[in-house]
Amino acid sequence: MSKLGIDPVKVHRARLAAERIANDIQLHIDRRTTTAVERATLRLMGIDGATEVGIPLPNVVVDQVLQDGRLGMGIAFWLANAVIYYQVSPQEAAEQVALGKIELTRVPIQDEGALREEIQKLAQYGLDKICAKKQERDEYIKKLGQGAEPLLYVIVATGNIFEDVKQAQSAVRQGADVVAVIRTTGQSLLDYVPYGATTEGFGGTYATQENFRIMRKGLDEVGEEVGKYIRLTNYCSGLCMPEIAAMGAMERLDFMLNDSMYGVIFRDINMQRTFVDQYFSRMINGFAGIIINTGEDNYLTTADAFAAAHTVTASQFINEQLALKCGLTEEQVALGHAFEINPELENSFVYELAQAALARELFPKSPLKYMPPTKYMTGNIFKGHVQNCLFNMASIMSGQSIHLLGMLTEAIHTPHIADRYLALENAKLVFNAMRGFAEEITFKTDGIIQKRANKVLNDAVIFLEEVADMGLMEAISKGMFADIARSPKGGKGLDGVIFKEPDYYNPFVDAMLGRR
Amino acid sequence: MSKLGIDPVKVHRARLAAERIANDIQLHIDRRTTTAVERATLRLMGIDGATEVGIPLPNVVVDQVLQDGRLGMGIAFWLANAVIYYQVSPQEAAEQVALGKIELTRVPIQDEGALREEIQKLAQYGLDKICAKKQERDEYIKKLGQGAEPLLYVIVATGNIFEDVKQAQSAVRQGADVVAVIRTTGQSLLDYVPYGATTEGFGGTYATQENFRIMRKGLDEVGEEVGKYIRLTNYCSGLCMPEIAAMGAMERLDFMLNDSMYGVIFRDINMQRTFVDQYFSRMINGFAGIIINTGEDNYLTTADAFAAAHTVTASQFINEQLALKCGLTEEQVALGHAFEINPELENSFVYELAQAALARELFPKSPLKYMPPTKYMTGNIFKGHVQNCLFNMASIMSGQSIHLLGMLTEAIHTPHIADRYLALENAKLVFNAMRGFAEEITFKTDGIIQKRANKVLNDAVIFLEEVADMGLMEAISKGMFADIARSPKGGKGLDGVIFKEPDYYNPFVDAMLGRR
Amino acid sequence: MEVDLTRIKPYGDTLNDGLMQLSFTLPIDLGDEAAEAARQLVGKMGFDEPKVVFSQSLGKGFSFYIVYGRCRETIDITTIRVEKVNVNVLSKKEIEDFIKQSLGRSINVIGACIESDAHTVGIDAIMNMKGYNGHKGLESYKGINALNLGAQVTCEELAARAMEIKADAVLISQVVTQKDIHIANLTRLIEILEAEGVRDKLITVVGGPRIDHALAQELGYDAGFGPGTYAEHVASYLVHEIHNRQRR
Amino acid sequence: MEVDLTRIKPYGDTLNDGLMQLSFTLPIDLGDEAAEAARQLVGKMGFDEPKVVFSQSLGKGFSFYIVYGRCRETIDITTIRVEKVNVNVLSKKEIEDFIKQSLGRSINVIGACIESDAHTVGIDAIMNMKGYNGHKGLESYKGINALNLGAQVTCEELAARAMEIKADAVLISQVVTQKDIHIANLTRLIEILEAEGVRDKLITVVGGPRIDHALAQELGYDAGFGPGTYAEHVASYLVHEIHNRQRR
Ligand code: B12
Ligand code: B12
Ligand SMILES: Cc1ncc(COP(=O)(O)O)c(C=O)c1O
Ligand SMILES: Cc1ncc(COP(=O)(O)O)c(C=O)c1O
């Protein structure tokens with residue numbers, strides 16, 4: 001039964017509008033591929049490493065075909081063709097490309113049947129690897145079990161993967177269930193994924209496959225120690241979304257920050273690019289059993305959390321519908337929302353709770369990713385600790401699933417090791433002391449909470465229908481999300497968007513969506 | 001309507017048992033007076049000051065009559081007699097006693113009518129003074145208004161009255177509504193009230209009439225500045241309960257910590273003494289429009305807060321019934337309770353809320369004094385700040401009236417100036433963010449909260465009926481309160497308890513209880 | 001007792017008690033010796049009577065401490081001077097009038113979050129129509145042409161655009177300060193402006209939560225603004241500075 | 001990088017970054033100069049790069065600061081030794097057996113919160129039947145006669161009672177430490193015991209949340225116990241000490 005007294009018809013209308021939006025975007029996606037999608041394809045076929053000057057091989061290979069104007073065929077075709085012709089491994093082929101010894105589009109085209117077969121064979125590498133990792137995860141969970149919800153999610157962000165591991169392990173020993181390695185500022189705008197272990201980042205650590213591996217190992221170790229499976233998170237976001245998805249799937253990441261619009265709005269990445277990239281990346285995540293975390297919570301860092309609450313709800317519906325199209329299940333879509341209302345507003349907690357409970361009711365099967373206060377955090381760490389305590393309460397009172405811990409030093413620095421400990425202590429104390437509280441209470445009929453929830457839902461419906469009518473790209477152009485406007489031709493990465501040729505083929509789409 | 005689903009019959013039974021207990025104690029009280037009661041009587045007649053060696057004149061005078069074995073007549077009689085005979089002011093008479101020039105019981109007994117008249121005249125001094133102060137308070141409140149409930153109550157405890165004033169003013173500027181000056185350790189066992197302004201105390205500041213005056217002035221000043229009336233609190237407790245009441249009434253204190261059993265249990269003061277003293281002191285407080293704060297919250301510092309919850313509830317009923325006998329109205333009895341359950345206990349907050357809501361329902365007209373966590377506070381000031389945040393929530397969620405602020409440094413030191421600021425900030429943030437929350441929620445029928453509240457009430461009824469059957473003194477002897485046992489003949493101060501002679505007379509009793 | 005302004009000490013609950021609270025982590029396991037090390041370390045820092053009031057293991061190799069101690073040092077506040085942007089803050093209306101009357105031309109202002117920094121809320125607060133906390137941004141000022149390039153703009157691009165629009169002033173925001181990345185970014189911009197020979201033609205202003213005027217000047221900027229800045233603060237400074245420069 | 005145990009530094013998020021958090025109040029009005037004074041004061045204490053991350057007026061004449069800074073000092077943990085009561089902690093059963101077998105007589109223990117201190121929870125936890133956290137108190141031990149005098153017992157009374165019952169040991173609790181009142185009280189008791197000539201006949205033990213063995217010894221007590229003490233800790237010490245003294 002609804003605690004909030006919300007109207008199921010409204011919910012249905014919201015979903016319908018979001019579906020219309022998603023269908024429209026899907027038309028755009030289906031006709032295009034991107035450099036990043038093709039690079040991810042290569043990675044899933046086992047291509048790794050970088051040139052002496054540090055350019056990753058997937059970039060070298062894709063750029064060659066792009067320059068020759070034939071990326072519209074899909075990189076799989078060209079790679080398979082060269083592999084058959086030269087009888088080399090895919091990695092060798094890529095290395096030859098890097099050395100200028102192979103120009104892929106000039107390799108004589110092989111027999112279509114043999115090509116198809118080779119492509120499937122190449123793809124099998126990635127598919128097998130991912131399946132093995134999925135199984136590994138299942139076995140770990142079976143053996144070690146996992147934390148109780150709300151899962152305690154912390155970030156590490158030292159810039160140095162080795163310090164990150166130390167801090168992550170310390171956090172796990174204090175009770176953390178999920179560790180996210182925040183990326184360095186600027187990585188999202190790199191059109192390649194750096195290679196190897198890294199120790200220099202600003203406000204975060206480079207996402208590299210080696211770094212994923214190092215942290216995975218660190219968490220597995222400490223997970224054994226504390227007796228639960230620890231989830232690893234990274235950012236499947238920015239210009240390399242699909243590649244990060246591929247790397248994460250092969251290194252057993254568990255969660256991925258992976259939004260359909262975040263890059264557009266917050267990183268000024270071209271929207272035509274992002275929509276295609278998010279599709280492919282989400283497909284990989286879906287197949288790999290990874291739970292994606294969406295990012296509409298971020299809207300509230302630029303827009304006002306009270307006034308713009310409905311845009312978050314609307315975006316949750318859009319993210320949901322777009323995700324379902326990528327083969328993700330509802331259980332794999334952790335929709336983002338946040339505790340960002342100005343705490344000086346009278347009844348701010350009451351409104352926060354209304355919003356949190358609303359998200360819970362609208363998406364009953366989805367794990368929600370609940371973000372802590374950030375915008376109204378100040379240098380006053382003591383007050384900040386109280387703000388986080390209120391956030392913790394809202395979380396346990398509304399049955400959230402993934403609980404990102406607020407840091408008392410949010411306004412000062414990326415977390416120190418002790419900040420994380422204090423945050424975990426805060427949340428554990430509140431969750432334990434209020435464990436059964438949500439069950440104990442019902443909300444007043446037509447009280448502040450119910451009215452607020454219904455108003456937000458109502459506004460979201462109107463908003464979604466408006467967006468559906470004009471199209472999502474147009475809506476973003478008008479600054480309807482997060483008070484930020486972006487144009488379809490603007491931003492970074494449009495040059496990496498290519499129309500598919502009629503014979504375009506990507507083996508992973510069918511395989512991962514189970515269409516075979 | 002009851003949010004807790006409590007049985008009115010149970011409540012009625014609890015009150016009946018408490019009334020039986022109070023009636024029984026009243027029999028004890030009516031037959032006795034104490035040195036402290038008589039000293040208070042002198043103070044209300046204007047006797048003040050101390051001898052050169054620092055013995056307060058009220059003590060000198062009362063001790064003389066005590067030694068002569070005639071205190072059972074009441075000190076008013078002897079003073080009036082001397083005043084008429086020597087034609088001196090009461091203060092002069094006292095000074096003469098101190099100098100050994102008057103021995104009161106040897107002064108020729110004057111005409112009975114003249115004596116009665118003189119006694120009334122002497123009493124009028126105190127009565128007028130108190131009435132004037134009451135009026136002053138009313139005018140201040142009319143002019144400045146007062147804080148909203150829950151009132152923010154802080155303590156100052158530097159040991160130095162002048163530092164206390166600075167800190168109190170700082171706290172008021174940060175939002176405090178009530179300031180209590182904690183007494184130095186050990187004062188409660190002094191059988192006299194020190195004289196003059198003091199700057200040396202340990203864990204608190206001496207309660208002296210001059211210190212009361214200094215702080216009153218400081219609070220009036222800052223109250224004008226911030227535009228609300230600031231309430232001053234002290235401890236009407238220990239061996240000098242009635243005198244402190246007299247001093248407080250004449251210096252416009254607003255609240256008094258004033259319990260019927262605290263001194264017995266926590267200071268090992270003789271119970272025969274305390275019961276008589278508490279009666280007279282409460283009568284003065286009642287007449288002066290002072291709100292008393294009872295102290296059953298303290299039980300939970302020695303007994304377990306979960307297991308012994310019902311003893312607090314029981315004590316609230318006893319304190320209420322004893323207070324009503326002293327002319328206090330329900331609105332003047334701020335019953336104590338506390339947030340002292342081990343926070344590691346699962347659902348500890350849920351139980352705390354049940355207890356707080358229960359107190360609120362059982363005593364709907366009484367302002368409740370809600371005490372913060374102390375016992376489970378540790379040197380971890382950050383965690384402590386969260387514990388206090390939970391306490392603040394329980395308070396606003398259960399509609400408490402007087403909210404004593406928890407200090408993050410509770411386990412370390414008496415509050416530093418910044419600790420108080422941080423505590424005020426914590427409470428203001430929570431109260432504002434949850435202002436309307438209590439209205440929003442109802443508790444599940446037969447949920448943890450309702451069951452717990454009913455169990456505590458039930459246990460309290462059984463407990464009270466048991467106490468009523470055996471008598472309160474016997475119950476205390478058995479350690480039924482706070483796990484501490486005290487015997488009727490033990491403890492400090494029994495030598496100050498005197499049977500009244502048949503002609504005993506105290507002018508204040510009739511006047512203050514409005515029996516004239 | 002009166003406070004001696006030439007010898008200020010921290011105040012816990014009594015004048016000159018010097019009490020301060022500290023917390024920190026040591027990269028060692030918790031134990032009696034570790035707690036004693038924490039105490040002695042604070043003692044070595046020059047605190048009297050350090051007391052470890054709380055210690056906690058953070059798991060292998062790390063332990064956390066809360067310590068109270070008495071500060072031995074004093075500070076003379078009467079001799080402290082703080083570098084501030086020296087300007088008389090005008091209202092929006094006054095600024096607009098000043099531009100019209102004293103400058104006689106409209107001014108061009110360009111702004112951005114440079115390099116990797118993507119925190120635009122601060123620069124938006126200053127430059128965009130909407131402004132911040134009810135204080136309208138520069139874009140809304142008559143006589144000011146405000147161009148906000150937004151997030152993650154390279155120094156090169158900013159310099160080029162500034163020359164292109166003949167900017168009177170460039171406004172830079174830097175929020176991320178980890179590993180002093182803001183210092184590197186800000187220094188880089190100044191170097192590029194100098195290389196382009198436009199450094200002296202522009203008024204350079206930087207702002208952000210960890211920026212102050214002294215730091216800005218140290219890095220070669222004309223002015224620096226910290227938390228709590230509104231458009232009128234910057235605008236007042238700019239119009240006066242342009243006015244002064246015109247008279248020179 | 002490995003931790004150098006001879007040169008330990010605080011750890012924020014990187015080895016040897018030295019980061020520490022401080023908070024304190026200054027007895028001056030808030031203002032730019034006051035905040036700068038706070039910063040400089042922390043600098044004078046020997047912190048590198050002090051940063052005032054928060055400042056707040058506490059009303060006239062007081063202002064509050066939160067500061068982060070880098071500790072310059074290091075500490076050599078390998079040379080730190082902590083004075084502890086040197087005893088092998090036995091279980092209740094073992095203690096009772098030891099009394100029976102090695103002492104051959106029951107022992108008398110008297111305890112109290114002395115002078116103005118009324119915090120009995122600690123001494124009760126050690127002495128009373130019920131004990132603390134599931135650890136039974138001395139009263140429950142076969143072979144120990146435990147007499148707990150409770151709160152606010154004067155030194156004179158305690159000394160008299162100790163002699164009266166021929167106590168083997170006196171157990172003192174001191175909880176209130178404001179203005180070092182516990183030091184004064186504890187010193188007073190030792191002086192009285194000495195004046196009575198019984199100091200050496202008794203084992204003197206003190207405990208409380210701010211007590212440790214080193215402090216106890218400094219004040220002339222035989223042993224000191226801090227937070228987290230249980231009856232078996234004290235009892236183990238007592239029976240061994242009595243045993244040693246009997247052999248001498
Ligand atoms: C909102 C926010 C974001 C949003 C930004 C959205 C956007 N479009 O701006 C999002 C979610 C995208 C984000 C992302 C990141 N963030 Co961020 N973010 C914040 C947050 C919560 C608030 C900042 C803010 O908006 N403040 C409000 C504005 C109005 O204040 P202000 O910037 O100080 O501006 C005022 C003054 O300083 C001045 N001013 C500012 N600029 C200028 C310029 C001029 C010319 C003038 C005159 C004045 C002026 O005037 C303004 C108005 O008074 C802070 C934490 C906090 N509470 O402070 C973290 C914070 C700044 N972020 C941080 C980090 C590390 C990141 C990430 C790098 C994390 C990651 N790896 O994913 C990313 C990447 C961003 C990047 N590439 O730069 C750190 C920085 C740590 C440090 N000191 O180095 C902080 C402190 C959080 C933390 N503790 O980790 N973030
Ligand atoms: C409970 C309590 C009270 C109760 C005491 C009831 C009672 N019968 O004991 C009441 C409410 C009466 C009270 C009153 C006051 N209290 Co008080 N109280 C506390 C509180 C909340 C808990 C103390 C406690 O029981 N701890 C639990 C026990 C088990 O721990 P423990 O004492 O450390 O004991 C353990 C060890 O230390 C050791 N141990 C202790 N003694 C001994 C002895 C021996 C021989 C051995 C071997 C071991 C040993 O073993 C024990 C078990 O492990 C503390 C705050 C806090 N959270 O610590 C304040 C606190 C101790 N109180 C304080 C003060 C100032 C007072 C008052 C003076 C305030 C006032 N002016 O009204 C009064 C007066 C009391 C007086 N005259 O002494 C201050 C002391 C400040 C300071 N450092 O000087 C504190 C820290 C609160 C504060 N921040 O202001 N208090
Ligand atoms: C979906 C998503 N992607 C990415 C990020 C982080 O930013 P960046 O793109 O700089 O890694 C966030 C931040 O919260 C996010 O929500
Ligand atoms: C009723 C009452 N009296 C007195 C006190 C304080 O103790 P003391 O008697 O030492 O002043 C308290 C403490 O909370 C109390 O509740």
Toward chain D, the part of A/Asn160 with a non-hydrogen atom under 4.5 Å: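 Neither part.
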Please flag which part of A/Ile417 lies under 4.5 Å from any non-hydrogen atom of chain D: side chain, backbone, both or neither.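 Both backbone and side chain.
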Could you check whether any side-chain heavy atom of D/Asp13 comes within less than 4.5 Å of a side-chain heavy atom of A/Gln167, counting everything from C-beta outward?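 D/Asp13 vs A/Gln167: side chains touch.
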Does a sphere of radius 6.0 Å around [atom1] in [X] hold more than 12 heavy atoms from other residues, nucleotides or ligands, not counting ones at 6.0 Å or beyond?
| X | atom1 | value |
| --- | --- | --- |
| D/Lys136 | NZ | no |
| D/Lys142 | NZ | no |
| D/Asn133 | CG | yes |

Does D/Thr25 have any side chain to side chain donor-acceptor pair (under 3.5 Å) partners at least two apart in sequence or in another chain, and if so, which?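 Once residues adjacent in sequence are excluded, D/Thr25 has no partner under the side chain to side chain donor-acceptor pair (under 3.5 Å) criterion.
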Measuring from atom CG of D/Leu19 to atom NE2 of A/His413, what distance do you get when rounded to the nearest 0.5 angstrom?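 Output value for this atom pair is 7.5 Å.
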Residues of residues 47-72 of chain D near chain A, each having a heavy atom less than 4.5 Å away: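 Residues in range: D/Val53, D/Phe54, D/Phe64, D/Ile66, D/Tyr68.
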